[in-house]
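I have placed the structure first, in the form of structure tokens, so that the comments after it can refer back to it.
Naming: A, B, ... by sequence-line order, numbering from 1 per chain.
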Number of protein chains: 2
Amino acid sequence: MSVLADKLSLLGPPVLVREQAFEQVRDAILAGTLAPGTRLIERELCLALGISRASVREMIRRLEAERLIRVEGRKSPVVSTLTRKQAAEIYEVRALFESLLIRRFTDIASDAEIAELRTIFEAVREAATKNSINEIVALMRRLNEHLVHVVDHELIEDLLGQLNARINWLRVKAMTQPGRLETSISELSAILEAIEQRDAERAALAMAQSSANARNAALEQLLMEGSGERQPKKMRSI
Amino acid sequence: MSVLADKLSLLGPPVLVREQAFEQVRDAILAGTLAPGTRLIERELCLALGISRASVREMIRRLEAERLIRVEGRKSPVVSTLTRKQAAEIYEVRALFESLLIRRFTDIASDAEIAELRTIFEAVREAATKNSINEIVALMRRLNEHLVHVVDHELIEDLLGQLNARINWLRVKAMTQPGRLETSISELSAILEAIEQRDAERAALAMAQSSANARNAALEQLLMEGSGERQPKKMRSI
DNA sequence: TGTTGCCTTCTTGTCTGACAATATGATAGC
DNA sequence: GCTATCATATTGTCAGACAAGAAGGCAACA
């Protein structure tokens with residue numbers, strides 16, 4: 001029986017309509033397809049996703065709770081915009097978490113787990129030479145997952161996930177700044193080295209440095225983007 | 001016009017059914033009226049709150065996103081229980097945030113704002129002599145609000161709020177341990193002193209110490225409670 | 001031109017009722 | 001005591017309805 005259950009569970013948890021819809025819209029927001037400021041109109045979402053208003057509304061509540069959209073009064077939900085201050089705060093808290101993760105990883109990871117980290121890092125470096133942003137983003141995610149998995153901190157995993165979702169768009173944009181990628185990678189390299197030498201303090205410090213730079217790049221990016229359009233936009237597609 | 005808007009806004013944001021319901025249920029969870037493990041049955045919530053299933057379900061999505069309830073598969077939502085590990089993680093992250101808050105408060109608060117902090121603290125001490133838990137909890141909240149307001153960190157305010165909601169019940173329980181309150185207050189006193197001397201580092205350290213103690217008390221509490229009942233319970237009332 | 005007020009239309013907030021699919025709980029059989 | 005089976009309870013999803021508030025356009029007016 002358990003074997004059968006296992007096989008069936010490969011299909012994943014039962015696909016709820018609202019879950020799928022949530023993921024679709026979330027991904028569209030993360031990718032920037034649904035740009036910050038876009039109005040999300042229930043009826044249009046129903047059409048676009050082929051689901052009922054009830055399900056759309058449940059999904060909206062969740063997007064709202066995760067701060068991916070903002071809802072006020074009886075107005076249409078709007079894809080969240082980021083003020084400079086908000087972005088800075090997110091990067092600051094993210095830095096706290098990542099420093100903690102790195103420090104703990106350095107303390108407790110097995111040699112094999114550190115080796116795995118380097119493997120992923122080398123893949124990032126490889127992808128960077130090809131300037132394949134999508135690949136890099138995916139690898140960065142794997143890198144984070146590995147860290148979180150080893151450190152085994154559910155809460156930070158959760159919160160970091162939420163924070164990253166909110167700045168995903170910004171991060172990707174910032175990554176395209178000339179020289180940014182190279183800097184980022186050399187920083188990562190320094191972190192990795194410190195980890196391999198089991199120097200948690202240095203690793204955490206290097207991480208903090210890297211975070212600060214990422215924040216600066218992101219804020220710079222916001223300055224360039226942010227001055228423009230601030231009016232609500234119409235939703236186009238998902 | 002803005003004056004008028006201000007006056008009218010005293011009426012608060014339009015009272016949405018789902019919002020009120022959310023607050024009612026959340027408060028019931030925070031207070032322990034809805035104990036961890038309790039099944040939340042839609043129809044019963046409808047009856048208890050006098051609202052429709054649609055609204056109940058939207059509220060449930062939000063409670064779920066804030067981790068106050070857990071929903072899996074097609075089963076009834078259940079008021080979240082805390083494992084030891086989860087509680088420890090929450091206290092750990094909370095400590096990070098509060099240290100940061102205290103450090104920054106010490107750096108930037110005006111003398112008047114520090115004085116206000118002491119005023120609140122003295123009120124806490126006063127309430128403590130009367131052993132009036134409710135009053136203490138309310139004052140502690142005010143204390144936190146003051147900190148967050150001065151430091152002006154929206155994100156930490158938000159996250160801290162969520163984390164505190166998840167452990168509220170545990171905190172209150174732990175506070176009743178013999179001697180716990182006194183310890184807690186003398187720790188607070190030390191923090192306040194450091195703040196008044198504008199010694200951010202010492203203040204943050206004292207805060208960290210206080211957090212660690214709070215965590216230990218809470219985990220101890222969990223040991224005592226936690227061993228018992230773990231089966232889902234029926235919902236009683238709100 | 002720019003503003004004000006009104007009217008139409010769009011959109012959200014909420015309720016009701018329905019139905020299939022799954023979970024739960026009780027009952028009977030071993 | 002344990003397991004299989006069935007009736008009931010509960011969730012997931014949809015469709016449709018209606019009131020109340022928001023958005024946008026248009027005309028009158030200063």
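A close approach under 4.0 Å does occur between a side-chain nitrogen or oxygen of A/Arg61 and OP1 or OP2 of C/dG13. Between A/Arg53 and D/dA15 there is no side-chain N or O to OP1 or OP2 distance below 4.0 Å. OP1 and OP2 of D/dG12 both lie 4.0 Å or more from every side-chain N or O belonging to A/Ser55. OP1 or OP2 of C/dG25 has at least one side-chain nitrogen or oxygen of B/Arg39 nearer than 4.0 Å. At D/dT11, none of the side-chain N or O atoms of B/Arg57 fall inside 4.0 Å of OP1 or OP2 (strictly under the cut-off). Taking 4.0 angstrom as the limit, A/Arg43 places a side-chain polar atom (N or O) nearer than this to OP1 or OP2 of C/dT11. In this structure, B/Ser76 does not reach the C/dA23 phosphate: none of its side-chain N or O atoms is under 4.0 Å from OP1 or OP2. Under 4.0 angstrom from either OP1 or OP2 of D/dG12 there lies at least one side-chain N or O belonging to A/Arg18.
The interatomic distance linking B/Leu49 (CG) with C/dC15 (P) rounds to 10 Å, in whole Å. Following rounding to the nearest Å, B/Phe22 (CZ) and C/dG13 (P) show an atom-to-atom distance of 16 Å. Rounded to an integer number of Å, the gap from CD of B/Gln20 to P of C/dT14 is 9 Å. Rounding to whole angstrom units, CG of residue A/Leu16 and P of C/dA23 are separated by 11 Å. Distance, B/Leu63 CG to D/dT11 P: 14 Å, rounded to whole Å. The distance between atom CD of A/Glu58 and atom P of C/dT12, rounded to the nearest whole Å, is 16 Å. Protein atom CE of A/Met59 is 14 Å distant from nucleotide atom C1' of C/dT12, rounded to whole Å. The separation between A/Glu72 atom CD and D/dG21 atom C1' is 14 Å, rounded to whole Å.
Checked against D/dC14, C/dG13, D/dT13, the side chain of A/Arg74 finds its nearest nucleotide in C/dG13.
The closest side-chain heavy-atom distance from A/His146 to A/Glu113 is below 4.5 Å. In this structure, the side chains of B/Arg18 and B/Val56 stay at 4.5 Å or more apart for every pair of heavy atoms.
Salt-bridge formation is detected for the pair B/Glu19/B/Arg62: a Lys NZ or Arg NE/NH1/NH2 atom is positioned less than 4.0 Å from an Asp or Glu carboxylate oxygen. Using a 4.0 Å cut-off between charged nitrogen and carboxylate oxygen, B/Arg70 and B/Glu72 count as a salt-bridge pair.
Between A/Ile51 and A/Lys75, the residue anchored closer to the 5' end of DNA chain D is A/Ile51, taking for each the nucleotide with the nearest heavy atom.
Taking the six-membered ring where tryptophan is involved, the planes of A/Phe97 and B/Phe97 are tilted, since the angle between them lies from 30° to 60°.
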